[in-house]
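Bear in mind the structure is a predicted one, so any value in this text is a computation, not a measurement. Labels below follow one simple rule: chain letters A, B, ... track the order of the sequence lines, proteins then strands, and each chain is numbered from 1.
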Protein chains: 2
Amino acid sequence: MGAMSRAEATHGVPDRLRGRASRLLSQLTTRSDRLINDGLARADARKWHYAVLASLQDHGPGSQAALSRRTGIYRSDMVGVIDELTERQLVERAPDPADRRRNLITISARGRRRLRRLDDVLDELHDELLAPLDQAERDQFVTLLTRLLDHHSDAPDRADGGS
Amino acid sequence: MGAMSRAEATHGVPDRLRGRASRLLSQLTTRSDRLINDGLARADARKWHYAVLASLQDHGPGSQAALSRRTGIYRSDMVGVIDELTERQLVERAPDPADRRRNLITISARGRRRLRRLDDVLDELHDELLAPLDQAERDQFVTLLTRLLDHHSDAPDRADGGS
DNA sequence: CGTTCGCCGTTAGTGCCACTAACGGTGTCG
DNA sequence: CGACACCGTTAGTGGCACTAACGGCGAACG
C-alpha cells in the first residue's frame with residue numbers, strides 16, 4: 001500500500017512493467033540521451049566529442065586505441081569521431097614517431113576552450129535531467145548507478161554459479 | 001567522503017565522465033539491455049513480447065494503437081511484435097467488429113503461461129542486475145528512477161522557458 | 001635473420017531501437 | 001456530404017554497440 005503515489009501519469013501501464021528496473025532504465029536513458037544529444041547538437045557537438053576531449057584533457061594525448069579504451073567508444077567508431085574533431089580543429093592527429101602503428105591524438109587550445117564550454121552545457125543539461133531530485137538524492141542516485149555499473153563492468157568473473 | 005569506493009576498476013576514465021549521470025545511465029542501460037535481451041532470447045522472447053503480454057494480462061484486450069500507448073512501443077514497430085506473438089500463438093489478432101479500423105489483440109491461454117514464465121525469468125535477471133544492492137537500496141533506486149521518468153514523461157508543458 | 005603473433009587504424013556491414021513519413025481504410029462530427 | 005482524426009501498415013532514417021576482416025607495423029622467439 002501507499003505505493004499509489006500520483007495515480008495520474010499512469011495511462012494504464014501495468015505495475016509489472018512500471019516497477020522493472022530494466023524498463024525504467026531503458027526509458028529514462030532514452031529520454032536522457034535525447035536531452036543530452038539535442039543540447040549538445042545545439043552546440044555543434046556530440047556525446048562522443050565530449051568524451052574524447054575530456055579524456056585528452058585529463059589524461060594527456062593518446063593513440064586512438066587508448067582513447068577507445070578510456071572512453072568506451074568502439075575502435076571502429078573512433079575513426080569517425082577523430083575525423084569530426086579534426087575537422088573542427090579541436091584535436092590533432094599525427095603519426096606517433098615512436099611507434100608508427102599509432103596515431104597520436106592531441107587536444108588543441110581550441111579543443112580546450114570547447115571542452116570548457118561543453119562542460120557548462122552539460123552542467124545545465126544535467127540540472128534539467130535531475131531536476132526533481134535534491135542534491136542528496138542526486139548524489140545517492142549517482143552512487144547507486146556507479147555501484148551497479150562497476151559490478152557489471154567487464155570481468156563477469158566466475159563469481160558464483162558453481163555448476 | 002567515503003565515496004572513493006573501490007578505486008580499482010578505473011582504467012583512467014576521467015572523473016568528468018565517470019560522474020555524469022547521463023553517461024552512467026547510458027552505460028548501465030547498455031549492459032542491462034544486453035543482460036535482459038540475452039536472458040529473454042534464451043527463452044525465445046524479447047522485451048517487447050513481455051511488455052505486450054503484461055499489458056494484455058493486466059488491462060485486457062486492446063487495439064494495436066492502445067497497446068502502443070500502454071507499452072511505449074512505437075506504432076510502427078507494434079506490427080512486427082504482434083506478428084511474432086501471433087506466430088507463437090501467444091495472442092490472437094482479430095478485427096474489432098465494433099470498429100473496423102481496429103485489430104483487437106487478445107492474450108491466449110498459452111500467452112498467459114508464457115507470461116508467467118517470463119516473469120520468473122525477469123525476476124532472476126533483475127536479481128542479477130541489482131545484485132550489488134540490498135533490498136532497501138533497490139527500492140530507493142527504483143523510486144529515484146520512477147521520479148525522474150515521471151518528470152520527463154511527455155508533456156514538457158510549457159513549464160518555463162516562455163518564447 | 002625470419003617467422004609468428006599481436007596490436008593498430010580502417011572499412012564494411014549487422015542488428016536493435018526510436019522515430020518519421022506517407023498510404024489507404026475507417027469512423028465521427030459539422 | 002465533406003473535412004478531419006484515427007487505425008494499421010510499409011518503408012526508410014539515424015544513432016549506437018558490436019563483429020569481421022584487412023594491411024601496416026612491432027616485439028618476441030627460435
Ion pair B:Arg70/B:Asp58, N-O distance below 4.0 Å: no
Can you name the atoms? Protein N/O to nucleotides 14-17 of chain D N/O, anything below 3.5 Å, with the distance.
unit_1, atom_1, unit_2, atom_2, d
D:dC16, OP2, A:Arg46, NH1, 3.0

Hits for side-chain hydrogen bond (donor to acceptor under 3.5 Å, both in side chains) against A:Glu87, two or more places apart or cross-chain, chain-then-number order -> none
Rounded to whole Å, please give me the gap between CG in B:Asp96 and P in C:dG27. 9 Å
Tell me every residue that passes side-chain contact (heavy atoms from CB on, under 4.5 Å) with A:Ser108, counting only those two or more places apart in sequence or in another chain. A:Arg110
Check whether any side-chain N or O of B:Thr86 sits under 3.5 Å from a backbone N or O of B:Gln89 as a donor-acceptor pair, and report yes or no. no
Is there a donor-acceptor contact under 3.5 Å linking the side chains of B:Asp33 and A:Ser22? no
Under 4.0 Å, heavy atom to any atom of DNA chain C: which of residues 117-126 of chain B qualify? none
Pair A:Ser153-B:Arg31, side-chain contact (heavy atoms from CB on, under 4.5 Å): steps then yes or no: CA-CA 8 Å; A:Ser153 276; B:Arg31 284 160 171 81; 4.3 Å; yes
Using atom types as modelled and distance alone, determine if a side-chain donor or acceptor of A:Arg46 lies under 3.5 Å from a backbone N or O of A:Ala41. no
d(CG, B:Leu40; C1', C:dC16) in whole Å: 14 Å
Do NZ/NE/NH1/NH2 and the carboxylate oxygens of A:Asp83 and A:Arg93 come within less than 4.0 Å? yes
Does a side chain donor of either B:Ser68 or B:Arg75 reach within less than 3.5 Å of an acceptor in the other side chain? no
Residues forming a side-chain contact (heavy atoms from CB on, under 4.5 Å) with B:Thr30, sequence neighbours excluded: none
Length of the CG-C1' vector between A:Leu35 and C:dA18, whole Å: 16 Å
Considering only heavy atoms and no angle criterion, is a donor-acceptor pair shorter than 3.5 Å present between the side chain of B:Ser76 and the base of D:dT9? no
Measure all distances between protein nitrogen or oxygen atoms and nitrogen or oxygen atoms of nucleotides 3-9 of chain C, and list the pairs falling under 3.5 Å.
unit_1, atom_1, unit_2, atom_2, d
C:dG6, N2, A:Arg101, NH1, 3.2
C:dC7, O2, A:Arg101, NH1, 3.4
C:dC8, OP1, A:Arg69, NH2, 3.2
C:dC8, OP2, A:Arg69, NH2, 3.0
C:dG9, OP1, A:Gln64, N, 2.9
C:dG9, OP1, A:Asn103, N, 3.3
C:dG9, OP2, A:Ala65, N, 2.6
C:dG9, O3', A:Asn103, ND2, 3.3
C:dG9, O6, A:Arg75, NH2, 3.2

